[in-house]
Engineer: 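Attaching a single structure in structure tokens format; questions to follow.
Computed from a prediction, not measured in an experiment: that's the story for all the values here. We count ligands from 1, going down the list as the structure has it; atoms in each ligand are counted the same way.
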Amino acid sequence: MVKQIQFFDTTLRDGEQTPGVNFNTKEKVQIALQLEKWGIDVIEAGFPISSQGDFEAVQEIAAQIKHATVGGLARCSIEDIDSVREALKEANHKQIHVFIATSPIHRESKLSMTKAEILASVKKHITYAKQYFDQVQFSPEDATRTEWDFLVEVIEVAIKCGATIINIPDTVGYTNPTEYGALFAYLKENISAFDEVIFSSHCHDDLGMATANALAAIEQGALRVEGTINGIGERAGNTALEEVAVALHIRRDAYQAENQIKLDETKNTSDLVSRLSGMPIPRNKAIIGANAYAHESGIHQDGVLKNPETYEIITPQLVGVSSNDLPLGKLSGRHAFVDRMVSLGYDMSDKVVVKELFVKFKELADKKKNISTTDLHALIAGATIEDQA
Ligand code: KIV
Ligand code: ZN
């Protein structure tokens with residue numbers, strides 16, 4: 001059966017926890033509006049109690065976003081919950097996200113709380129939040145390092161007190177796809193109300209597995225995926241939502257999951273977040289990196305010119321990139337060279353001329369990393385080959 005996956009974006013909250021990233025309210029609103037255009041289901045607009053600026057940004061986003069649900073983060077604290085209530089007053093659709101750490105290391109070293117105290121706090125604060133919100137999300141922080149039986153206990157209390165969404169954070173990016181999938185399977189097996197609420201994945205990328213972990217959770221029953229655009233976030237970042245969205249599309253045979261994301265707005269969304277966060281996108285980044293649709297080797301270029309599907313599983317247009325790229329360099333073959341020269345208007349029908357030109361081109365390519373259009377015109381004009389870089 002095809003399931004519907006909700007996309008929850010936390011670029012403006014967890015994403016802003018990226019060292020060196022600080023969005024002002026205007027920038028946050030700009031990103032929120034673009035996220036809505038991208039088709040996002042939920043925007044976590046911020047952590048209102050954390051600063052006056054964050055409070056105001058959440059308030060402004062709540063007032064401007066029409067279709068997506070707008071959320072705010074709260075610890076298990078009445079003041080935090082009240083701050084989210086206040087900030088989200090104007091929202092058309094709203095949710096609160098309440099969290100408390102549950103793992104032994106967090107219980108003992110950070111919170112100095114016993115298991116019983118954690119359970120009591122969840123009961124008190126989820127019950128309180130439920131008075132004001134229909135949609136209450138609960139997160140047992142550091143869930144993946146929490147004892148599984150205790151996790152079940154905590155989640156059952158949260159559901160009983162009114163939580164409608166249960167998020168399973170891999171707070172420190174510790175888990176792997178097999179384990180994270182198994183955790184969701186265990187929760188499904190051991191929580192009788194599993195199907196009455198939405199289970200959500202929230203992964204960090206410390207071991208480079210955030211996207212794979214999110215997909216493993218979806219395979220095992222998660223109906224919501226949390227992450228950020230370009231994967232920005234604390235330390236190594238969060239699940240990159242654009243990666244999940246495209247993976248679900250390209251491999252729908254494997255995941256059988258639909259969603260509302262408008263993939264052709266992906267590049268615009270990614271570029272905006274990159275620009276406003278000051279976080280450049282690595283060229284080799286999946287989906288949105290400059291090299292993601294570029295083919296360098298002669299064998300690949302020849303294949304792509306004959307049929308792009310030989311080496312492209314994603315068309316650039318799918319994500320809003322205008323075309324693929326066949327950069328000319330020392331690895332390029334004759335096919336790509338001739339194709340480019342023809343596109344520049346040159347007659348390449350004489351095999352002898354092509355042979356000579358291609359030898360010259362290779363000589364130049366051995367000296368220069370990137371061959372420009374000017375270089376190609378110069379080649380034809382018989383100009384001296386010199387490194388113009
Ligand atoms: O990573 C995490 O545990 C979080 C929680 C606040 C959900 O971001
Ligand atoms: Zn997080």
Engineer: To the nearest 0.1 Å, how far is atom 3 (O) of ligand 1 from its closest protein heavy atom, and which atom is that?
Structural biologist: T171 OG1, 2.6 Å
Engineer: What is the nearest protein non-hydrogen atom to atom 4 (C) of ligand 1, stated with its residue, atom name and distance?
Structural biologist: H202 NE2, 3.6 Å
Engineer: Which atoms from ligand 1 have a heavy atom of H97 less than 4.0 Å away?
Structural biologist: 7 (C)
Engineer: In terms of side-chain heavy atoms, does S270 have a donor or acceptor partner in N230 at a distance below 3.5 Å?
Structural biologist: yes
Engineer: When E242 is tested against each of K267, K285, K262 for salt bridge (Lys or Arg N to Asp or Glu O under 4.0 Å), which residue passes?
Structural biologist: K285
Engineer: Between S103 and T146, does any side-chain donor sit less than 3.5 Å from a side-chain acceptor?
Structural biologist: no
Engineer: Has R13 got any heavy atom lying under 4.0 angstrom from an atom of ligand 1?
Structural biologist: yes
Engineer: List every atom of ligand 1 that sits less than 4.0 Å from any heavy atom of D14, numbering the atoms from 1 in the order shown and giving each element.
Structural biologist: 8 (O)
Engineer: With heavy-atom distances below 4.0 Å as the criterion, list the atoms of ligand 1 near H204.
Structural biologist: 1 (O)
Engineer: Looking only at N, O or S atoms, find the one in D14 nearest to the Zn ion (ligand 2) and name it.
Structural biologist: OD2
Engineer: Under the salt bridge (Lys or Arg N to Asp or Glu O under 4.0 Å) test against K28, which residue among E60, E16, E56, E44 passes?
Structural biologist: E16
Engineer: With a 6.0 Å cut-off on ring centres, are F194 and F199 close enough?
Structural biologist: yes
Engineer: With atoms numbered from 1 as shown, which atoms in ligand 1 lie under 4.0 angstrom from a non-hydrogen atom of S139?
Structural biologist: 7 (C)
Engineer: Below 4.0 angstrom from a heavy atom of E141, which ligand 1 atoms are there? Numbered from 1 as shown, please.
Structural biologist: 3 (O)
Engineer: Distance to the ring centre below 6.0 angstrom and angle to the axis at most 45 degrees; does that hold for R224 and F8?
Structural biologist: no
Engineer: Among pairs that include at least one residue of residues 144-165, which meet ring pair (Phe, Tyr, Trp, His ring centres under 6.0 Å), considering only residues two or more places apart or in two chains?
Structural biologist: W148-Y186
